[in-house]
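In what follows, a single structure is set out as structure tokens and then discussed.
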Amino acid sequence: MPNPGVSPQEAERRTEIVQRHIAQGYGWMSRAARELEMDRTTLQSWCKKFGLRADGPETHIAEGFALKGYSEFTKTEHGTPIWLKTVKAEQDYWKGVAEAIAAIRPVTDVPLPTGLPDGDIIPWLQIGDAHIGMLASEAETGANFDIGIGEREICAAAAALIDAAPPCRRMVINDLGDASHYETFRGETEASGHALDFDTRYWKMIRAYIRITQFIVERALGKAETVDYICNQGNHSRSNDIWMAATIDALYGETGRVNVLKNESPFIAYRMGKTLVVIHHGDKAKPERFRDVVISDFAADWGETDFHYLDGGHVHHSQRKELAGCLFESWNNLAPRDKYAHDGGWRSKQCMTLVLRSRTYGEVGRHVMPIERVRDLILATGKAHYVPPQMRAFAA
């Protein structure tokens, strides 16, 4: 159909964008209008001219909310007026969740690495807030991010750091919380109900979360005789963190080589000789209060050890603070900022870190994996991978 105000190329571009959003379901008109930077009413009129529509009514839905259903006015066979209320089926969600659970199979045997030392050094893989399932747009924040990008980068960074660790008897995988970006089908945090920018489907996120965690655990089992897995409660991921710990225990418990630390409490303590490490995501207690909790709750371990470390996440940036009797450190994350963080002015270095901690001397070294190197490692394999362009000012 001819349209004097739009070139054939522009019409083709609009059609492709609209059809892509239609395929994603309800709310497609609003999403397409934002991407095309058009007024929603104008786009609606344009779509009608070209016959572009999805089955069912198109309804404006506030960002962060999902369409529950719709009503249709009609009459019975006797002429009585009635409203038919329809609720959108959630079978696709539950089917995806069921498939993720069905894919889980217990692991009974993993080959032991050889040539292990005496075990004084225990490497700690510090996984800062991964935010798997977060969605970010380059136009808004400077970098695209989705489940696929996150999975490739987390696995590449973790693999390189684990491979760089010295041979060891034990290794700790320390998920500092917020590995998953949200907890509900609505794309919200469960406790606060904060609406988040999320990558389309909850079940896609949890399947990726399970795959990533399995990959990291099994990579670590190739390096160490025993792997201690810590899944801390995060404010974005608290309910997911509980079932992830149970999942990893169910998967690897029979091997006798994976210990999953209890995570019912948001404060998790790990004792290794003269070194004590306590982990807390950081949303409940600030560093000084965190230290007070440790001294109170783990008084015996505190008194019997010489080196005390408090590990945190939550703020995404490195914050190292020496307190009386201990060292507090919040660890960077690998994911880019979302729109909320970008617009709020928060900035931090993207990286993942492996810390070498001695039973006898505390921290004795660390390896840092910046996001730039992670991307180079992925590209070196010959696989395509997104690399955000450098942000530039407008040049007149």
Side-chain angles (χ1 to χ4, degrees), residues 17 20-21 24 27 30-38 40 61-65 126-154 156-157 176-184 186-202 204-205 208-209 234-237 281-283 312-319 330-353 368-375 378 385-395:
I17 290 172
R20 171 158 46 83
H21 285 289
Q24 295 176 7
S30 298
R31 293 194 302 270
R34 283 197 297 270
E35 183 171 345
L36 288 166
E37 297 182 346
M38 293 177 64
R40 187 174 180 277
I61 305 169
E63 187 172 351
F65 290 83
Q126 306 285 58
I127 306 175
D129 304 36
H131 286 286
I132 303 159
M134 186 259 282
L135 189 67
S137 167
E138 180 185 293
E140 294 179 329
T141 68
N144 293 331
F145 192 74
D146 57 22
I147 291 172
I149 294 172
E151 182 168 1
R152 288 190 295 274
E153 293 181 346
I154 295 166
L176 287 151
D178 285 358
S180 57
H181 189 53
Y182 61 98
E183 301 174 89
T184 68
R186 292 185 176 186
E188 299 174 348
T189 55
E190 188 171 302
S192 304
H194 292 158
L196 305 167
D197 293 330
F198 62 99
D199 188 3
T200 71
R201 296 294 182 269
Y202 176 81
K204 288 184 179 180
M205 176 185 69
Y209 187 14
N235 57 304
H236 281 248
S237 60
H281 180 64
D283 59 314
H314 189 50
V315 295
H316 298 187
H317 63 266
S318 175
Q319 181 182 2
S330 64
W331 298 87
N332 296 77
N333 71 332
L334 203 62
R337 54 189 175 265
D338 62 4
K339 188 176 188 303
Y340 176 80
H342 176 272
D343 293 356
W346 288 287
R347 302 292 186 270
S348 59
K349 183 68 177 174
Q350 294 169 245
C351 64
M352 188 184 292
T353 305
V368 179
M369 185 63 58
I371 187 63
E372 293 82 3
R373 187 180 177 198
V374 174
R375 292 169 181 149
I378 296 172
H385 184 67
Y386 166 78
V387 177
Q390 187 176 25
M391 298 181 72
R392 306 286 292 188
F394 171 78

**Request:** Using the test side chain to side chain donor-acceptor pair (under 3.5 Å), find all partners of Asn144 that sit at least two apart in sequence or belong to another chain.
**Result:**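 If we apply the side chain to side chain donor-acceptor pair (under 3.5 Å) test to Asn144, skipping adjacent residues, there are no hits.
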**Item:** Partners passing side chain to side chain donor-acceptor pair (under 3.5 Å) against Glu372 (at least two apart in sequence or in another chain)
**Value:**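 Glu372 satisfies side chain to side chain donor-acceptor pair (under 3.5 Å) with Lys349 only.
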**Message:** Just to verify, what does Tyr340 make a ring pair (Phe, Tyr, Trp, His ring centres under 6.0 Å) with, not counting sequence neighbours?
**Reply:**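 If we apply the ring pair (Phe, Tyr, Trp, His ring centres under 6.0 Å) test to Tyr340, skipping adjacent residues, the hits are Trp346.
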**Request:** Please list, chain by chain and in numerical order, all residues satisfying ring pair (Phe, Tyr, Trp, His ring centres under 6.0 Å) with His236, sequence neighbours excluded.
**Result:**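 Once residues adjacent in sequence are excluded, the partners of His236 under the ring pair (Phe, Tyr, Trp, His ring centres under 6.0 Å) criterion are His131, His181.
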Closest non-hydrogen atom pair, [X] against [Y]:
X      : Y      : value
Pro388 : Gly142 : CB-O, 3.6 Å
Pro336 : Phe145 : CD-CD1, 3.2 Å
Lys339 : Asp197 : CB-OD2, 3.7 Å
His317 : Ser348 : CB-CB, 3.5 Å

**Residues in salt bridge (charged side-chain N to carboxylate O under 4.0 Å, His left out) contact with Glu183, at least two apart in sequence or another chain** =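 In terms of salt bridge (charged side-chain N to carboxylate O under 4.0 Å, His left out), with neighbours along the sequence ignored, Glu183 is linked to no residue.
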**Prompt:** Got a sec, which residues hit salt bridge (charged side-chain N to carboxylate O under 4.0 Å, His left out) with Asp283, two or more places apart in sequence or on another chain?
**Reply:**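 Partners of Asp283 under the salt bridge (charged side-chain N to carboxylate O under 4.0 Å, His left out) test: Arg238.
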**Asked** Among pairs that include at least one residue of residues 127-151, which meet salt bridge (Lys or Arg N to Asp or Glu O under 4.0 Å), considering only residues two or more places apart or in two chains?
**Response**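 Counting only pairs at least two positions apart or across chains, the salt bridge (Lys or Arg N to Asp or Glu O under 4.0 Å) contacts touching residues 127-151 are Glu151-Arg211.
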Could you tell me which residues satisfy side chain to side chain contact (heavy atoms under 4.5 Å, CB included) with [X], sequence neighbours excluded, listed by chain and number?
X      : result
Ser180 : Met205, Tyr209, Ser237, Asn240
Ala157 : Leu334, Met352, Met369, Val374
Arg152 : Ile149, Ile378, His385

**Prompt:** Does Ser330 use its side chain to pair, donor to acceptor, with the backbone of Gln319 at less than 3.5 Å?
**Reply:**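 Yes.
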**Request:** Taking Arg375 for its side chain and Val387 for its backbone only, find out whether a donor-acceptor pair lies under 3.5 Å.
**Result:**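 No, because the side chain of Arg375 does not come within donor-acceptor range (under 3.5 Å) of the backbone of Val387.
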**Message:** Check the orientation of Phe198 and Tyr182. Use parallel for under 30°, tilted for 30 to 60°, and perpendicular for over 60°.
**Reply:**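 Rings of Phe198 and Tyr182: tilted, as their planes differ by 30° to 60°.
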**Request:** Could you grab the distance from atom CD1 of Ile127 to atom CG of Asp178, nearest 0.5 Å is fine?
**Result:**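 It is 13.0 Å, given to the nearest 0.5 Å.
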